[in-house]
There are 2 protein chains.
Amino acid sequence: MATGRTHRPATRSRGIPEATVARLPLYLRALTALSERSVPTVSSEELAAAAGVNSAKLRKDFSYLGSYGTRGVGYDVEYLVYQISRELGLTQDWPVVIVGIGNLGAALANYGGFASRGFRVAALIDADPAMAGKPVAGIPVQHTDDLEKIIEDNGVSIGVIATPAGAAQQVCDRLVAAGVTSILNFAPTVLNVPDGVDVRKVDLSIELQILAFHEQRKAGEEAAATEGTGAVPAVRDESGDKGPDGDVPAVMPA
Amino acid sequence: MATGRTHRPATRSRGIPEATVARLPLYLRALTALSERSVPTVSSEELAAAAGVNSAKLRKDFSYLGSYGTRGVGYDVEYLVYQISRELGLTQDWPVVIVGIGNLGAALANYGGFASRGFRVAALIDADPAMAGKPVAGIPVQHTDDLEKIIEDNGVSIGVIATPAGAAQQVCDRLVAAGVTSILNFAPTVLNVPDGVDVRKVDLSIELQILAFHEQRKAGEEAAATEGTGAVPAVRDESGDKGPDGDVPAVMPA
DNA sequence: CCATCTTTGTGCACGCGTTCACAAAGACAT
DNA sequence: ATGTCTTTGTGAACGCGTGCACAAAGATGG
């Protein structure tokens with residue numbers, strides 16, 4: 001996964017397990033699609049298939065929200081959409097600021113997923129004076145100097161960081177000091193925040209590296225299966241023997 | 001987190017737990033920074049702090065790779081950088097294709113994190129004929145018609161999908177048919193893939209919704225603590241009572 | 001009203017991941 | 001060589017998440 005929670009160990013927020021919370025948006029998306037097709041009810045089996053999860057898991061997830069299903073029938077789509085939306089806090093409007101309007105920041109500003117579903121891009125902020133005033137996705141970019149004022153004026157509690165890694169912690173500190181308590185971090189850095197502030201990170205290169213690991217493993221297995229006895233992998237040596245790699249080859253920088 | 005694994009239940013890939021694999025890139029990043037500062041060794045405590053994890057967890061993670069530390073001293077930075085790089089498969093070159101060169105796709109193509117660390121953008125692919133030939137990040141965009149040929153010619157096994165949701169599954173099918181076995185999906189859809197293919201997803205709106213959930217909870221707790229007795233939350237009603245919401249309010253579309 | 005059939009909601013068991021706490025290992029000084 | 005001190009590596013306990021499997025609930029038909 002492209003993200004991981006920071007801090008806040010495993011506090012069952014008001015009884016709903018973290019793992020369940022992470023799946024609710026998935027269910028909501030599937031339900032919204034059904035709602036648009038005017039489907040009145042769904043069974044846990046159908047909905048689970050649409051969301052790509054196990055049906056027992058889905059039922060257990062919903063059981064944390066309450067008993068919203070009807071046995072022998074299934075779940076009322078519209079009602080469930082509302083309940084999940086309410087649970088996730090999407091019935092209210094969340095103003096969001098995006099800091100760092102480079103390629104990625106601009107892409108985020110243009111991303112439709114922000115506008116819908118209760119999120120509103122309240123402001124775009126960048127440190128480059130040349131960017132100031134220039135409209136991106138129809139919203140004029142403002143300078144970092146005004147960050148605190150923007151946060152307070154708009155009542156922003158969610159911030160998105162899309163700056164270079166070097167600037168991320170500093171931006172984060174200012175956001176938090178100004179009152180932001182939830183941060184979505186796209187910069188490849190570990191952010192330090194005080195208790196009570198939630199950070200979620202999206203890190204492209206981490207995701208790629210995880211894929212590469214599995215890819216390498218697949219290649220190794222395949223080679224082992226294709227060639228020879230199939231018992232001992234021929235490509236990769238097992239861990240534990242420090243033998244073949246005495247000195248350190250060139251490994252790429254940051 | 002912005003992602004979640006699909007398929008492949010919990011197979012301890014060659015003995016290394018999935019959770020550990022997901023943290024290796026984090027350690028690698030911290031170690032690379034130390035390496036650039038020419039720091040020769042680190043203790044588990046220091047490195048754990050830099051990576052934002054528990055030191056016991058870090059030591060256990062490293063123990064899956066082998067005994068690379070020296071008691072009383074710590075870990076040799078350069079050596080560990082190499083070992084982790086090798087374990088993640090970053091000592092080889094991974095050609096990657098990006099499909100869907102919109103705002104996000106272009107941002108990804110320009111993202112420095114791809115170029116470094118063993119990943120190379122082999123091709124950019126888009127369905128829009130008007131895009132064909134136009135260079136993005138110095139690489140000419142190619143048309144979707146040539147997808148299969150591009151995959152095969154470049155020996156690509158990792159694909160990145162940055163198309164609209166509607167096109168994602170179709171693109172995914174073609175990538176898989178052409179030989180791609182690892183996919184990083186930025187489109188807000190659940191992808192169906194055959195066994196043996198890894199999918200990781202990065203979903204901005206899911207991340208935001210999870211943040212909104214916690215944000216709402218924090219707001220509720222705060223209101224309860226600030227006002228009145230402090231025992232009963234005043235803002236949000238507890239689950240289970242279907243009372244106040246008889247009919248369904250307007251919930252935003254997709 | 002009763003029987004049957006579908007689908008939910010959940011008790012239970014299992015496994016992964018995390019954390020504690022400590023013994024073993026080695027560096028370093030004397 | 002011996003003792004002390006630091007830091008690793010891991011055994012063990014615990015908690016969360018998952019999935020099975022089934023009883024309870026309600027719809028539906030006769």
Side-chain angles (χ1 to χ4, degrees), chain A residues 1 4-24 26-27 31 39-77 79-80 83 210 239-240 242, chain B residues 1 4-24 26-27 39-49 51-77 79-80 83 210 239-240 242:
Chain A
M1 73 199 57
R5 306 193 73 256
T6 316
H7 281 286
R8 189 177 303 267
T11 316
R12 290 211 169 190
S13 321
R14 134 84 180 326
I16 301 182
E18 192 58 31
T20 296
V21 172
R23 281 188 293 268
L24 289 182
L26 228 52
Y27 302 145
L31 284 164
V39 177
T41 60
V42 271
S43 67
S44 62
E45 203 70 46
E46 294 168 312
L47 186 54
V53 303
N54 181 302
S55 71
K57 194 187 296 187
L58 178 143
R59 287 197 299 276
K60 182 150 290 189
D61 283 343
F62 285 176
S63 77
Y64 292 115
L65 308 182
S67 288
Y68 294 152
T70 307
R71 300 183 190 219
V73 176
Y75 298 90
D76 181 285
V77 172
Y79 188 64
L80 204 46
Q83 288 300 339
I210 296 172
S239 72
K242 298 186 177 185
Chain B
M1 64 200 70
R5 304 193 74 258
T6 313
H7 280 285
R8 189 177 302 270
T11 316
R12 290 212 166 189
S13 321
R14 135 79 184 327
I16 301 183
E18 191 58 31
T20 295
V21 172
R23 280 188 294 269
L24 290 181
L26 228 52
Y27 302 144
V39 177
T41 61
V42 270
S43 68
S44 62
E45 204 70 48
E46 294 168 312
L47 186 55
V53 302
N54 182 302
S55 72
K57 194 187 298 188
L58 178 141
R59 286 198 300 276
K60 180 146 288 190
D61 283 342
F62 285 175
S63 78
Y64 292 114
L65 308 183
S67 288
Y68 293 153
T70 306
R71 302 183 189 220
V73 176
Y75 299 91
D76 182 286
V77 172
Y79 188 64
L80 203 46
Q83 288 301 337
I210 295 171
S239 73
K242 299 185 177 183

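Only this structure's heavy atoms are used, side chains among them; waters, hydrogens and symmetry mates stay out. Here the structure is a predicted model, which means the values were calculated and not measured.
Not counting sequence neighbours, the partners of A/Ser55 by the side chain to side chain contact (heavy atoms under 4.5 Å, CB included) test are A/Ser44, A/Glu45, A/Ala48, A/Arg59. Partners of B/Tyr75 by ring pair (Phe, Tyr, Trp, His ring centres under 6.0 Å), not counting sequence neighbours, listed by chain and number: B/Phe62.
Each of A/Ala19 and B/Phe62 has a nearest nucleotide on DNA chain D; the 5'-most of these lies closest to B/Phe62.
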Open item on the list: Go through it in stages, so that I can follow the logic: the residues are B/Leu65 and B/Thr20, the test is side chain to side chain contact (heavy atoms under 4.5 Å, CB included), and I'd like the CA-CA distance, side-chain angles, deciding distance and then a yes or no.
Closed with: CA-CA 10 Å; B/Leu65 308 183; B/Thr20 295; 5.6 Å; no

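We find that CG of A/Leu58 is positioned 14 Å from P of C/dT7, with the value rounded to whole Å. If you measure from atom CG of A/Leu65 to atom P of C/dT10, you get 12 Å, rounded to the nearest angstrom. For the pair B/Leu24 CG and C/dG17 P, the computed distance is 13 Å after rounding to whole Å. Between A/Asp61 atom CG and D/dT18 atom P the separation is 7 Å, expressed in whole Å.
When the nucleotides C/dG9, C/dT18, D/dG17 are ranked by their closest atom to the side chain of A/Glu18, D/dG17 comes out on top. Checking D/dG19, D/dG9, C/dG9 against the side-chain heavy atoms of A/Lys57 singles out D/dG19 as nearest.
Shown here for B/Leu47 and B/Leu58, the closest heavy-atom pair between the two residues is CG-CD1, 3.8 Å. Heavy-atom minimum distance, B/Gly15 versus B/Tyr64: O-CD2, 3.9 Å. Between B/Thr41 and B/Asp76, the closest heavy-atom pair is CG2-CA, 4.2 Å.
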Between the protein and nucleotides 11-15 of chain D, which nitrogen or oxygen pairs come in under 3.5 angstrom?
residue	atom	partner	partner atom	Å
D/dG11	O6	B/Lys60	NZ	3.3
D/dA12	N6	B/Lys60	NZ	3.1

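Put simply, A/Arg23 has a side-chain N or O that comes within less than 4.0 Å of OP1 or OP2 on D/dT18. For C/dG9, the OP1/OP2 oxygens have a side-chain nitrogen or oxygen of A/Tyr75 closer than 4.0 Å. For C/dG17, neither phosphate oxygen OP1 nor OP2 lies less than 4.0 angstrom from any side-chain nitrogen or oxygen of B/Asn54.
Put simply, NZ on A/Lys60 and CG on A/Asn54 are 10.5 Å apart, with the number rounded to the nearest 0.5 Å. Atom CD of residue A/Gln83 and atom CG of residue A/Leu24 lie 11.5 Å apart, to the nearest 0.5 angstrom.
DNA chain D lies under 4.0 Å from at least one heavy atom of each of the following residues of residues 41-49 of chain B: B/Ser43, B/Ser44.
Every pair passing salt bridge (Lys or Arg N to Asp or Glu O under 4.0 Å) that includes a residue from residues 61-75 of chain B is listed here, sequence neighbours excluded: B/Arg23-B/Asp61.
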Open item on the list: Treating primed atoms plus P, OP1 and OP2 as sugar-phosphate and everything else as base, which nucleotides of nucleotides 23-30 of chain D get B, S or - for protein heavy atoms under 4.0 Å?
Closed with: -BB-S---

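Between A/Val53 and A/Tyr27, the closest side-chain pair of non-hydrogen atoms falls below 4.5 Å.
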